[in-house]
Peer 1: 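Submitted below is the structure of interest, expressed as structure tokens.
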Amino acid sequence: MLDIKLIRDNPELVKEKLKLRGEDDKVIHRIQKIDSDRLEILHKLEKLKELRNKASDEIAVMKKNKLDASTAINQTRLLGDEIKELDSQIKNLETELEKELYYIPALPDESVPIGKNETENVEVKVWGEKKSLTFKPKDHIELGKSLDILDFDRGTKIAGSGFPLYKGKGATLERALINFMLDTHISKNGYNEVITPVLANRASMEAAEKVPKFEDDMYYIQRDDLFAIPTAEVSILNIHRDEILKEEELPMRYSGFTNCFRREAGSYGKDTKGFLRVHQFNKVELINFCKPEDSYNELEKMLSDATRLLEDLNIHYRVIELCTGDLGFAASKCYDIEVWSYAEDKWLEASSVSNCTDFQSRRAKVRFKRHGGDGKQKTELVHILNGSGLATSRLMVALLESYQTEDGHIVVPEVLKKYTNFERI
RNA sequence: AGAGAGAUGGCUGAGUGGUUGAAAGCGGCGGUCUUGAAAACCGUUGUACCUCACGGUACCGGGGGUUCGAAUCCCUCUCUCUCUGCCA
């Protein structure tokens, strides 16, 4: 959520930044109107409350001295009616304001390339190169079927399309991948491991800025008012919701593995085969709570923590810097990491690393106390970053395809062998 | 799921209608003392919003109500604990 004060004090800047994202800036005008109405009423209301408080104190004194207070009580009663009326007006305006604010995305950082959509994203790095295969590569579905390690049909029987079933060495390979990634983050990259709930309540979903805007894309259990998390970003971020952190504890880096659930509403017919777009997938997530001045350095660190895994796995990848028009809702700056698919002959997104600055922390109320030089303390919002490190489904596509042999087998990547205890599928 | 108890500041824990934003203790911060540290002593220590400022308003799990006035009374929701049931 954006800071209403920023809109109040610098609406032109906000409009300008929203335009860069291709957003309609008319909403800013509506917000300004609601905000100024609210302030006007608030001033009146607070004045009336002050009067009432004073009158009540006087009544208390009169009662104490056994004086008749009925006139004062009758007068003050009238104040109460007025206060009640203004109170409900304020409440309505605040609801209206929130409704508008909840749908406004984060403002892009200065450094983000300007562009309308994904075609204007900027490739910032390519690592490794395409292998020149001497045979026609099979795709992951074919490989999964012939080696009996992935069974999309039976996954569909169990839950529906987009709910993959891993079998035998495929399941072991998946688990190896997850363990390898987590181990690296925990023992080498300085993250604290967590295992979180995979269901989250509405407050948590709102704090992570997934609801209300993306509510239709979430699995929702009505009976208990719980959402299946679309990413561990939601559950990990909420570890510190409504908390004031200690300055010396920052940055706090967490990593956790969870299943992730997405309805992918509206994306039917696009990249639907196999792992390319699924409703349930596995992901090792990275979340970082840090001081504002550190967040862009932390973003680069997280990017390199994620890409390092692909280098260890020896998988050809590239890093894309998203342009202003393609940024995610909560992000001020974002890198995508894409892996090469030999069978699809294109790049697949395997990770996204974002700096959400104070956009989520404002709504989640995650703050820290900054020690000033004069011994005073100031409460400030932390910056929150998230990144996949990594999501396995598309990574598995790239891995299976690039490690396949001409006779249709899979060679296990060197770094995974100690996890799989086999070298070949 | 049934019965009962409860939810107060960073923590423990008082407070049942009126200067209570909230006792006390612990912790934190600043200081005195000390070669240094500990102990002791003194002071200080919630969040948010409005206001150029003085200052004001709100907040004792959430929401609503009663009242001139609510942490305190009523309704409702959520959560926690104990017992019973069920269960990996």
Side-chain angles (χ1 to χ4, degrees), chain A residues 1-10 31-98 101 195 197-207 211 220-227 235 238-250 252 259 289 358 361-382:
Chain A
M1 182 167 63
L2 290 184
D3 188 356
I4 180 65
K5 284 179 192 161
L6 180 65
I7 298 174
R8 187 183 298 156
D9 299 339
N10 209 338
I31 287 178
Q32 284 178 293
K33 173 82 173 89
I34 299 169
D35 183 50
S36 66
D37 287 354
R38 190 189 84 93
L39 282 186
E40 195 186 323
I41 293 173
L42 186 67
H43 293 151
K44 277 192 219 163
L45 179 63
E46 291 197 343
K47 208 77 206 159
L48 289 177
K49 284 188 174 172
E50 184 181 353
L51 285 176
R52 182 180 68 181
N53 288 346
K54 289 205 170 115
S56 291
D57 287 347
E58 281 162 20
I59 290 166
V61 172
M62 287 162 89
K63 291 241 179 183
K64 206 174 190 177
N65 295 330
K66 306 256 191 278
L67 296 170
D68 176 32
S70 55
T71 317
I73 288 176
N74 285 330
Q75 280 173 356
T76 313
R77 189 175 292 146
L78 298 174
L79 275 181
D81 295 340
E82 227 175 313
I83 286 170
K84 204 173 253 179
E85 168 60 24
L86 292 182
D87 248 337
S88 82
Q89 284 182 28
I90 287 263
K91 198 158 282 180
N92 289 340
L93 288 170
E94 278 172 354
T95 309
E96 243 179 277
L97 189 62
E98 276 189 341
L101 239 27
I195 298 176
V198 293
L199 297 182
N201 57 31
R202 191 169 287 275
S204 292
M205 293 296 282
E206 285 176 352
V211 161
Y220 174 61
I221 300 165
Q222 192 164 26
R223 192 181 158 108
D224 298 292
D225 197 24
L226 289 170
F227 295 85
S235 44
N238 275 280
I239 292 173
H240 294 300
R241 170 154 55 91
D242 280 320
E243 289 186 16
I244 297 177
L245 307 175
K246 292 199 174 85
E247 183 176 11
E248 54 275 18
E249 293 173 333
L250 302 176
M252 293 175 95
N259 304 119
F289 300 86
D358 59 9
S361 57
R362 182 168 297 107
R363 192 126 174 238
K365 295 199 180 69
V366 187
R367 294 153 292 172
F368 75 103
K369 274 222 195 310
R370 190 191 287 280
H371 303 289
D374 49 1
K376 285 187 181 148
Q377 296 189 325
K378 208 178 131 222
T379 311
E380 279 180 55
L381 295 171
V382 301

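Everything numeric here is computed off the predicted structure, so don't read it as measured data. Labels below follow one simple rule: chain letters A, B, ... track the order of the sequence lines, proteins then strands, and each chain is numbered from 1.
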Peer 1: For the CD1 atom on A:I195, are there more than 12 heavy atoms of other groups (residues, nucleotides or ligands in this structure) within a distance under 6.0 Å?
Peer 2: no

Peer 1: Please list each protein N or O that sits under 3.5 Å from an N or O in nucleotides 86-88 of chain B, with the distance.
Peer 2:
none

Peer 1: Not counting sequence neighbours, which residues clear salt bridge (charged side-chain N to carboxylate O under 4.0 Å, His left out) with A:K365? List them please.
Peer 2: none

Peer 1: With P as the reference atom in both, quote the distance from B:rU44 to B:rU34 in angstrom, rounded to an integer.
Peer 2: 24 Å

Peer 1: Using the test salt bridge (charged side-chain N to carboxylate O under 4.0 Å, His left out), find all partners of A:D242 that sit at least two apart in sequence or belong to another chain.
Peer 2: none

Peer 1: Provide the closest heavy-atom pair for A:A207 versus A:R241 in the form atom of the first, atom of the second, distance.
Peer 2: CB-CD, 3.7 Å

Peer 1: Find the distance A:E247:CD to B:rG28:P and express it as a whole number of Å.
Peer 2: 17 Å

Peer 1: Would you measure the distance from the C1' atom in B:rC59 across to the matching atom in B:rA7 and give it in whole Å?
Peer 2: 16 Å

Peer 1: Within this structure, what is the CG-CG distance for the pair A:L97 and A:L101, rounded to the nearest 0.5 Å?
Peer 2: 5.5 Å

Peer 1: Quick one: does A:N65's side chain have a donor or acceptor within less than 3.5 Å of a partner on A:L67's backbone?
Peer 2: no

Peer 1: Counting only non-hydrogen atoms, which of residues 65-83 of chain A are less than 4.0 Å from RNA chain B?
Peer 2: A:I73, A:T76, A:R77

Peer 1: With no hydrogens and no angle check, do the side chains of A:T71 and A:N74 hold a donor and an acceptor under 3.5 Å apart?
Peer 2: no

Peer 1: Under the side chain to side chain contact (heavy atoms under 4.5 Å, CB included) test, which residues partner A:I244, sequence neighbours left out?
Peer 2: A:R367, A:K369, A:T379

Peer 1: Within the sub-3.5 Å range, which N or O atoms of nucleotides 17-22 of chain B have a protein N or O partner, and how far apart are they?
Peer 2:
residue: B:rG18; atom: N2; partner: A:S56; partner atom: O; Å: 3.1

Peer 1: What is the separation between atom CZ on A:F368 and atom C1' on B:rG28, rounded to the nearest whole Å?
Peer 2: 17 Å

Peer 1: Do the rings of A:F289 and A:H240 sit parallel, tilted or perpendicular, given the 30° and 60° boundaries?
Peer 2: perpendicular

Peer 1: Please round to the nearest 0.5 Å and tell me the distance separating atom CD1 of A:I73 and atom CG of A:D68.
Peer 2: 8.0 Å

Peer 1: Could you check A:R362 against A:D358 for salt bridge (charged side-chain N to carboxylate O under 4.0 Å, His left out), going step by step and ending with a plain yes or no?
Peer 2: CA-CA 6 Å; A:R362 182 168 297 107; A:D358 59 9; 2.9 Å; yes

Peer 1: So do A:D225 and A:N201 actually touch side chain to side chain, heavy atoms under 4.5 Å?
Peer 2: no

Peer 1: Side-chain donor-acceptor pairs under 3.5 Å in residues 44-52 of chain A, sequence neighbours left out?
Peer 2:
residue: A:E50; atom: OE2; partner: A:K54; partner atom: NZ; Å: 3.0

Peer 1: Whole angstroms only, please: what is the CZ-C1' distance between A:R367 and B:rG10?
Peer 2: 13 Å

Peer 1: Quickly work out the A:E58 CD to B:rC68 P distance and round it to whole Å.
Peer 2: 16 Å

Peer 1: When all nucleic acid strands are considered with a 4.0 Å heavy-atom cut-off, which category describes A:R8: base, sugar-phosphate, or nothing?
Peer 2: sugar-phosphate

Peer 1: Can you tell me, in whole Å, how much space there is between the C1' of B:rA14 and that of B:rC26?
Peer 2: 15 Å

Peer 1: How far does the P atom of B:rC74 sit from the matching atom of B:rU67, given to the nearest Å?
Peer 2: 16 Å

Peer 1: Write down the distance between NZ (A:K378) and P (B:rG46), rounded to a whole number of angstrom.
Peer 2: 17 Å

Peer 1: Using a 3.5 Å limit on both pairing distances, list the dot-bracket string of RNA chain B from the 5' end; Watson-Crick and G-U wobble pairs count, crossing pairs take [ ], interstrand pairs take |.
Peer 2: (((((((..(((.....[.....)))((((((.......))))))(((((....))))).(((((..]....))))))))))))....

Peer 1: Roughly how many Å apart are B:rG4 and B:rA58, using the P atom of each and rounding to a whole number?
Peer 2: 37 Å

Peer 1: Going through the checks in order, is the side-chain hydrogen bond (donor to acceptor under 3.5 Å, both in side chains) test met by A:T95 and A:N92?
Peer 2: CA-CA 5 Å; A:T95 309; A:N92 289 340; 5.3 Å; no

Peer 1: For A:K369 and B:rC29, give me the distance from atom NZ to atom P, rounded to whole Å.
Peer 2: 13 Å

Peer 1: Under the side chain to side chain donor-acceptor pair (under 3.5 Å) rule, collect the residues that match up with A:E82, sequence neighbours excluded.
Peer 2: none

Peer 1: Using the C1' atom as the point on both nucleotides, what is the distance between B:rG21 and B:rG46, in whole Å?
Peer 2: 9 Å

Peer 1: How would nucleotides 55-66 of chain B be written as a contact map, 5' to 3', with B for base contact, S for sugar-phosphate-only contact and - for no contact, using protein heavy atoms under 4.0 Å?
Peer 2: -BBS-----S-S

Peer 1: Take atom CG of A:D37 and atom P of B:rC50, then tell me their distance rounded to the nearest Å.
Peer 2: 15 Å

Peer 1: Between B:rG61 and B:rA71, how far is it from one C1' atom to the other, in whole Å?
Peer 2: 12 Å

Peer 1: I'd like a table of donor-acceptor pairs (distance under 3.5 Å, sequence neighbours excluded) in which one partner is a side-chain atom from residues 34-42 of chain A, with atom names and distances.
Peer 2:
residue: A:D35; atom: OD1; partner: A:R8; partner atom: NH2; Å: 3.0
residue: A:D35; atom: OD2; partner: A:R8; partner atom: NE; Å: 2.7
residue: A:S36; atom: OG; partner: A:Q32; partner atom: O; Å: 3.3
residue: A:S36; atom: OG; partner: A:K33; partner atom: O; Å: 3.1
residue: A:D37; atom: OD1; partner: A:K33; partner atom: NZ; Å: 3.1
residue: A:D37; atom: OD2; partner: A:K33; partner atom: NZ; Å: 2.9
residue: A:R38; atom: NH1; partner: A:E94; partner atom: OE2; Å: 2.7

Peer 1: Just checking A:K44: base, sugar-phosphate only, or nothing, at a heavy-atom cut-off of under 4.0 Å?
Peer 2: nothing

Peer 1: For the P atoms, the ones on B:rG65 and on B:rC79, what distance do you get once it is rounded to whole angstrom?
Peer 2: 23 Å

Peer 1: Who passes side chain to side chain contact (heavy atoms under 4.5 Å, CB included) against A:E380, sequence neighbours left out?
Peer 2: A:P292, A:F368, A:R370, A:K378

Peer 1: Just how far, in rounded Å, is P of B:rU47 from CG of A:L381?
Peer 2: 13 Å

